[in-house]
Amino acid sequence: MWSSIRTAWTIFLHMFRRRVTIQYPEEKPYIPPRWRGRIILSRDPDGGERCVACYLCAVACPVDCISLQATEDEHGRRYPEFFRINFSRCIFCGYCEEACPTYAIQLTNDFEMGEYDRQNLVYEKEDLLIDGPGKYPEYNFYRVAGLAIGGKDKGEAENEAPPVDLKRLLP
Amino acid sequence: MATIFIDQERHTARDGENLLQECLALGYDLPYFCWHPALGSVGACRQCAIKQFKDEHDTRGKIVMACMTAVREGARISIHDAEASAFRASVIEWLMINHPHDCPVCDEGGECHLQDMTVMTRHVYRRYRGRKRTFRNQDLGPFVNHEMNRCIQCYRCVRFYRDYAGGRDLDAHALRNHVYFGRHADGVLESEFSGNLVEVCPTGVFTDKTLKRHYTRKWDLQSAPSICVHCALGCNTVPGARQGTLRRIHNRYNGAVNGYFLCDRGRYGYEFVNAPTRIRTPLMRRQRGEALRAATRQEVLAQWRALVDRGAKPIGIGSPRASLEANFALRTLVGAQRFHLGVSDAEHTLLESALALLRESPARVASLREAEGADAVLVLGEDVTNTAPMLALALRQSVRQTHMKIATKLHIPHWDDAAVREAAGSAKAPLFVAAPIATKLDEVATRVFHDAPDEVARLGFAVAGAIEGRKAHRVPDTSDATQALADEIAQALVAAERPLIVSGCGSQSVELLRAAASVAAALCAKGHSAQITFALPECNSGGLALIEGKRLGAAIEALRNGDADTLIVLENDLYRRAGQAAIDALFESAHQVVVIDHTASATSARADIVLPAGTFAESDGTLVNNEGRAQRYFQVFVPNGDVQGSWRWARDLLAAADRGREGDWANLDAIIGACAAAIPALAQIVNAAPGAGFRLAGQKIAREPPRYSGRTALYANVNVHEVQVPADPDSPLAYSMEGYPGEPPPPLIPWFWAPGWNSVQSVNKFQAEIGGALRGGDPGVRLIEPAGADGGAHFDTVPQRFAPRVGAWLLIPLHHIFGSEELSALAPGVRELAPQPYVALNPDDADMLGLAAGELACVDLDPAPCRLLVTRRADLRRGMAGVPVLPWLHFAALPAFAKITKAEASRVEAE
Ligand code: SF4
Ligand code: SF4
Ligand code: SF4
Ligand code: SF4
Ligand code: FES
């Protein structure tokens, strides 16, 4: 009996507490920046496509909803010919972002992706690629890697010595 | 066998083998780089360090290299010893100092031995902050990509390329930490085995350039056990497919056949599967003169039905590049009496003779592994580098048998590669090469002999006679020099423990085959255990010969005299089999022509009905190699549309003709069973691989690795609802990543992988003994075993001496590894390396004709005289000329005499 009255009293007091439920969608909630929402592909600081088509996100994905095909431009820079995410399967676990060695694939704090037709949840590269570096403004994989690409020859990456001159006989 | 203790645990290991190999064989994970089971140990990388203890009281021990230390009775070692582990971790750390930050863009990634070893030694954190050394790369041709920054200086590449495969143009350049592995300058790698660098190099320095164009990681490849279709040796392969295209060919270890390696034709010929020349839909025309148009399956079968209703009398032409099942299905469709082999008449005779000679020979037909172990070899009339490339690689090892003998005498272990080579110096086991023209094997031969095919055959008979030692069997009119050579060869063969005689169909001479068989028979008669092997023309020539059928000429005859009016051609371009006029006439006398093939050809262009067949990657079947080994290949991926295995088309044609009961083959097992029952010689093919009902723990074997990615996205653009995984009624393999997680039986291994071993090095985990047979036995069943009886000598058929003619030259076929085989020649990389059409002449003959190199000669040959560029070859005797075997050059049967004159015009018409 006493406990029932105490419960009723507690509930009564709640009427005067701050309200948590909001009137979505008229009112937008606060989403922290590290929220795992809609996935995007970013660009490196000099504007090139960041994804190098290494397939690591695809293999890390527990529901196998990422697929792509690697290709190369005429100077040897790797990029995905197509890049597809089937968001109707994605569980927003963020494993792809963790696996990505280039910070290309990132989860954002947008979650408003509802569709009436499941087919519309299949995103291609055009739908995924944004114009900036996203959460990681600095990193530029090709400036660190040893592969030569257009505009960056052998020996021009970070911490690289100029290419060895094989004809030199000095010790 | 010796008892050894590894980390206090008692094991038995093979006495005298190296500890690294034995540790791996016992299931331990011990990292290594420079050791390779086929190349031996050199102790260069220091990665395989272990602790060795003097006895059970020794607690300090000393660090030794496992690959350089022999197994001794009672040896005590430790792999997990803290000092040894730290040593190995620091070796990796050094190797990694200059290593580029490349894994995401490196084609080796995911199957990289360096990655595996780095993980195995737990080197996880980069401490070095200095500058990394860099190199420039080279363009090494259409097959191998070069990215030198990734090198860890293990020297495996040059040891394989130079020491094992005999290449010269790849070497280690420069010195100290600048050592560079490449050519002296950019250029196509000369060795026919260069593609193996991709697998031998433990890093991403050498990678597959054709794979790069449609790059896929190993974990994303759907694979199945397969057999190379580009020559008759039947090397085992792992083709990998993704999204309906074939992406690459990798080696599939078979201890008795190809071991760890493949030739470049076999590795890079696969692109014909993706080529625009593929036939992908049924085609038909209602009337002659109309163009072929795409049709539905129902339409073509209805047209066939109408033919049958009109009382068509079909005959069938099979193919040496189609499976046993496909040929047998066609044979069932048309009847055994109306089945023709689909090879030229000359080749028919050759195949029949080759088979008969092998069957009656008391000598064993050598497998490739046995050829490697031969300690004296006679090659009669065959350019094996170009017709059976991996046999050439095996023969290059055979000359090292002397090294092994010397090493044994000096108590040097056979795996101590540098020491064995140092001790043996230039000693070589005897290898005699007799051929119409210089071959690449000449460079390792003891003696070479270049003359007309008949003369080479005569030399063979002279050798046989010398071995027999009977006056009656001396070859008449033999020059003293030739007789002396014959005696020398005979002596070497008699002195050997495992002599091998090699010949083949390349020179198109039955006498050569007989001569080879006679040498082998003579050796056997003297009590030597001789072996023999013939290079056959195509991947299933052996199987076709076992099926038996009529000659091509009989088909032409039957159509001409009205015994038949409908022609069914299976996977064959008949224009390669006889003169153009004869084949044109064949098609004209046939009322209807049905072609079942996967690749468009001059023949499919003449067809009224074309049925799209599956290539080796899109169908299952059995091939019989030159050893008489029946081996099964399994479908790698499911093709789109109506493409299906040829035997299924034959079954559908039977069903459409209301004869479904004759071809009542529910699946592959059913037709294999029917074939084995109908043809006694093929009774054993059932045992080549487990049947479709085979299960391990109730499960099928997955074609896709467990990490196969993109399952719910790959085709989501077409339909977001995933389609069901296709069923496979034909094999115990599944088109899925789900399946038995353990080790499948050898004929069913779809890819090599073991926990912690993502690279090809994982094959160690599948072998009973490292470098020996796969656990459970090497795949394939041998259909030809030596006849116990004496006989097999044919002294009655010694050919006459070659007589040059005035004004005419004996034109002989010259084979090229790149270009001479029909299917691989459709792969762009192979086509790039194929020769331009040419005619080779002795310089004296060329001078007589007033022809300089590069000028045009007019060769008067059926179907029409053609102009060919002149190549001067001093190794070609006078009176003979050579032309390349190329699918796009249609010559009448060779060898033949032809007039050669200097051409007036300066235009090449041959193309
Ligand atoms: S992991 Fe990153 S770089 Fe690699 S394929 Fe995915 S998005 Fe591209
Ligand atoms: S060789 Fe291996 S470790 Fe080196 S970049 Fe390539 S995948 Fe990575
Ligand atoms: S190129 Fe490859 S095989 Fe050759 S030394 Fe370097 S890492 Fe070893
Ligand atoms: S030797 Fe013949 S069977 Fe072997 S890989 Fe080369 S072409 Fe294929
Ligand atoms: S594998 Fe033993 S030293 Fe290289």
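Reminder, nothing fancy here: chain letters follow the sequence lines and each chain counts from 1.
Taking NZ of A:Lys154 as the start and CG of B:Asn149 as the end, the distance is 4.0 Å to the nearest 0.5 Å. Distance check: A:Thr71 OG1 to B:Lys212 NZ gives 9.5 Å after rounding to the nearest 0.5 Å.
Although no hydrogens or angles enter the test, the distance criterion places a donor-acceptor pair under 3.5 Å between the side chain of A:Gln119 and the main chain of B:Ala716. Under a 3.5 Å cut-off, the side chain of A:Arg84 and the backbone N or O of B:Leu714 do form a donor-acceptor pair.
Neither the backbone nor the side chain of A:Asp117 comes within less than 4.5 Å of any heavy atom of chain B. Interface remark: B:Arg176 contributes side-chain atoms only to the contact with chain A (heavy atom separation under 4.5 Å). Using a 4.5 Å cut-off between heavy atoms, A:Arg118 touches chain B through backbone and side chain atoms alike. Proximity to chain B is absent for every atom of A:Arg77, based on heavy atoms less than 4.5 angstrom apart. A:Glu81 does not touch chain B: none of its heavy atoms, backbone or side chain, sits under 4.5 Å away.
Per-residue heavy-atom pair counts under 4.5 Å with chain A were compared for B:Glu147, B:His99, B:His101, and the maximum is reached by B:His101. The residue among B:Arg217, B:Gln243, B:His173 with the most heavy atom pairs within less than 4.5 Å of chain A is B:Arg217.
Scanning all heavy atoms of the two residues, the minimum distance from B:Pro104 to A:Pro101 falls at CG-CG, 3.5 Å.
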